[in-house]
Number of protein chains: 2
Amino acid sequence: MSRRRVTLADLAEAAGVSRTTASLVMTGRGRELRISHDVEQRVLRAADELGYRPNAVSVGLRTGTTRTIGFVSDTVATSHLAGDMIKGALEAARERGVMLFIGESEGDPELERGLLHAMQDRQVDGIILAAMFTRTIKVPKDIGPAVLLNALPRPASGLPSIVPDEIEAGRSAARVLLDAGHHDEVYVIGAGPTLQDVPADSVAAVERLIGIRETGLKIAGARVCPDWQPEHGLAATRALLADHRPRALICLNDRVAIGAYQALAEAGLSVPGDVSVVSFDDHPIASWMWPKLTTVALPHYELGRKAVEVLFAQMAGEVEPGQVFRVPMPVRHRESVVARA
Amino acid sequence: MSRRRVTLADLAEAAGVSRTTASLVMTGRGRELRISHDVEQRVLRAADELGYRPNAVSVGLRTGTTRTIGFVSDTVATSHLAGDMIKGALEAARERGVMLFIGESEGDPELERGLLHAMQDRQVDGIILAAMFTRTIKVPKDIGPAVLLNALPRPASGLPSIVPDEIEAGRSAARVLLDAGHHDEVYVIGAGPTLQDVPADSVAAVERLIGIRETGLKIAGARVCPDWQPEHGLAATRALLADHRPRALICLNDRVAIGAYQALAEAGLSVPGDVSVVSFDDHPIASWMWPKLTTVALPHYELGRKAVEVLFAQMAGEVEPGQVFRVPMPVRHRESVVARA
DNA sequence: TCGCATCGCTAATCCGATTTAGCAAAGGGA
DNA sequence: TCCCTTTGCTAAATCGGATTAGCGATGCGA
């Protein structure tokens, strides 16, 4: 039904010129290569009439660049938490006329290799290696131009990294409470009080704690969670409330905060009247909770954008080997923190 | 640093044969074209040693098929709700050795055209046109092999569609209540009682209502919501409770149910003790609510898988023009429904 | 008028594979 | 021994562009 695609040869014939000339005009090198204004117009008009669009596969083969990048993640692509990362990458890519391949390795190195190969075979211009949770990863050999998103290379690899600025986020959370007059009776749920008391492999936990402590906020106590799920937050907060009467809680993420809300309600304590709560991540649920949760947001969208920007900057030679880009985590002020009486 | 890729020419030279022979062996047509076992082994060994992998761009140019498909959505790709759709598509694609381009049109037809062009220019073998919420869409001309995901073509277009089976889901939700002995005093929140009382353009609302009513469940009353957000569910349920004392609620999605929970709590009613609640979507939040919400799940993952399967079936000529595939919506039995005393 | 530069365009090659057509050598029948 | 197949492989064309090298015509200075 639909006619064969219009090729450069068709265009050349329609305009009555050689394929070379047609190509020169279409790639904008007409001026440079002394094609007359008259012929140029003829070609452009024909291109318009025929609806000529160059075959990107052919261009890719000839030039070696496909205006395509690969986005390989452990599972981020489809996660309910971090889809915005893809969105940021997608928009930054579109602005550059670049398409995105996506793939999920599910943490399987064999699968990851396969995906990287499939992408390299398709001549992607670069690759974004993304992780669901901020962590260190081993970088495959011969990966070509690449950046790490939400991840740091385990042995230094020279690849640039883009990560959320968790330490500053920790400071921000603490400052939210300090600014509200909470100088003591502040407890931490999810990790702490020492940097050893954290869920396994959690870069976020460690850095958030560091940031919190740097502000000088006095941490009255803390409860670790083996994992940051609502039920763990619930259990940890219940345990805390058995012996203590907090005036403020720093929950190490929003899911933990859900559990904390629950435990506080059980204990007959109101948020924020009796206890102020501040958290991290800005999971969508944070603005559905009641009262709405004040939280320090993971900037997924910005992380995704930045990854593409850095990838291109790197290909242009504008990035130091191993450079780490920290993306600020903004505070979402909502209803769960109130000034201390 | 990393050596130039190994090409077919390199392989041929290493094996001491012509490029033709090397190609025949590598594409498995050696037998057919009478290449001797000896030579075949020589080529295979060389390929293994050199780590030869065919350049997919070149193959794409020559054969016209790229083992690549495009996934274009209004916004589904990055939505917190439907990332699983991508995941299903991704896995089904991987099983077939196919890569996925993704793109988001954000509902902008101009942007959509651009994305489709970018994909067609890259010679994708087929396209999945996906929608965030089930709805009817206008299908662009000359789209080539394509399927509609979570969408139906506005003027019939011959393209196959994959949609969740919302009518059966409505029946399922009603049956959950009927099975628990709720034959009356059941109210609907979000739409109804008639098929005109629905949010604009909501296929889901209409079909869920149809299914609910088909079971013969007596709907004691209903409240429409302009949009299915928690605050609307809250308002609608408050309004309902002002005049009525329900024993069960069918919320038309989980976000509405959050609001309903809130309103019930305000009114001093417990779930499920006083009021059973059943809902739709199985948003992640449903299993975090307290008590955990019984809900009829949108099978995002299965929808995504099915889209890829149908796309390939269609290219193989195994699909009727305009065929509609309805994917079952399973009930997630949790804690919000209890047998009526 | 001759030689040379410039102008305006095109022929030919290349990218890395697949595929068609065909060639040289060996085998088989008369 | 001659001719015809069959066997086993390869040369060459092709996909759709980008790019290099170069060709004929014109203009200019000497």
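A note on names: the letters A, B, ... follow the listed sequences, proteins ahead of strands, and every chain is numbered from 1.
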[X] [atom1] to [N] [atom2]: how many Å, rounded?
X       : N      : atom1 : atom2 : result
B:Leu33 : C:dA21 : CG    : P     : 12 Å
A:Glu32 : C:dC7  : CD    : P     : 14 Å
B:Arg42 : D:dG8  : CZ    : P     : 14 Å
A:Arg31 : C:dG8  : CZ    : C1'   : 13 Å
B:Asp10 : C:dG16 : CG    : P     : 9 Å
A:Leu11 : C:dT10 : CG    : P     : 12 Å

Answer yes when B:Arg31 and B:Glu40 have at least one side-chain N-carboxylate O distance shorter than 4.0 Å, and no when they do not. yes
Is A:Arg305 paired with A:Glu95 through a side-chain N to carboxylate O contact shorter than 4.0 Å? yes
What nitrogen or oxygen pairs link the protein and nucleotides 23-25 of chain C at under 3.5 Å?
none

I'd like to know if the side chain of [X] and the backbone of [Y] have a donor-acceptor N/O pair within less than 3.5 Å.
X        : Y       : answer
B:Thr66  : B:Gly60 : no
B:Thr63  : B:Val59 : yes
A:Asp121 : B:Ala56 : no

Bend angle of the helix from C:dT1-D:dA30 to C:dA30-D:dT1 from five-pair axes at both ends, rounded to 10°? 70°
Provide a list of protein-nucleic acid N or O atom pairs under 3.5 angstrom, restricted to nucleotides 14-18 of chain D.
unit_1	atom_1	unit_2	atom_2	d
D:dT14	O2	B:Arg62	NE	3.4
D:dT14	O2	B:Arg62	NH1	2.7
D:dG16	N2	A:Ser58	OG	3.3
D:dG16	N3	A:Ser58	OG	2.4
D:dG17	OP1	A:Asn55	N	3.3
D:dG17	OP2	A:Leu8	N	2.5
D:dG17	O5'	A:Tyr52	OH	3.0
D:dG17	O5'	A:Asn55	N	3.4
D:dG17	O4'	A:Ser58	OG	3.3
D:dG17	O6	A:Arg19	NH2	3.3
D:dA18	OP2	A:Ser23	OG	2.7
D:dA18	N3	A:Arg62	NH1	2.5

Taking all non-hydrogen atoms of both residues into account, name the closest pair between A:Ile102 and B:Leu90 and its distance. O-CD1, 3.7 Å
For B:Asp165 and B:Arg326, work out which heavy atoms get closest and say how close. CB-CB, 3.9 Å
May I ask you to check whether B:Phe101 and B:Phe71 place their ring centers less than 6.0 Å from one another? no
Whether the A:Arg122 and B:Thr68 side chains hold a donor-acceptor pair (N or O, under 3.5 Å, no angle test) is what I'd like checked. yes
Hey, are A:Ser105 and A:Asp74 close enough side-chain-wise for a donor-acceptor pair under 3.5 Å? no
Do the non-hydrogen side-chain atoms of B:Gln323 and B:Gln314 ever get within less than 4.5 Å of each other? no
Any side-chain N or O of B:Thr21 under 4.0 Å from OP1/OP2 of D:dT10? yes
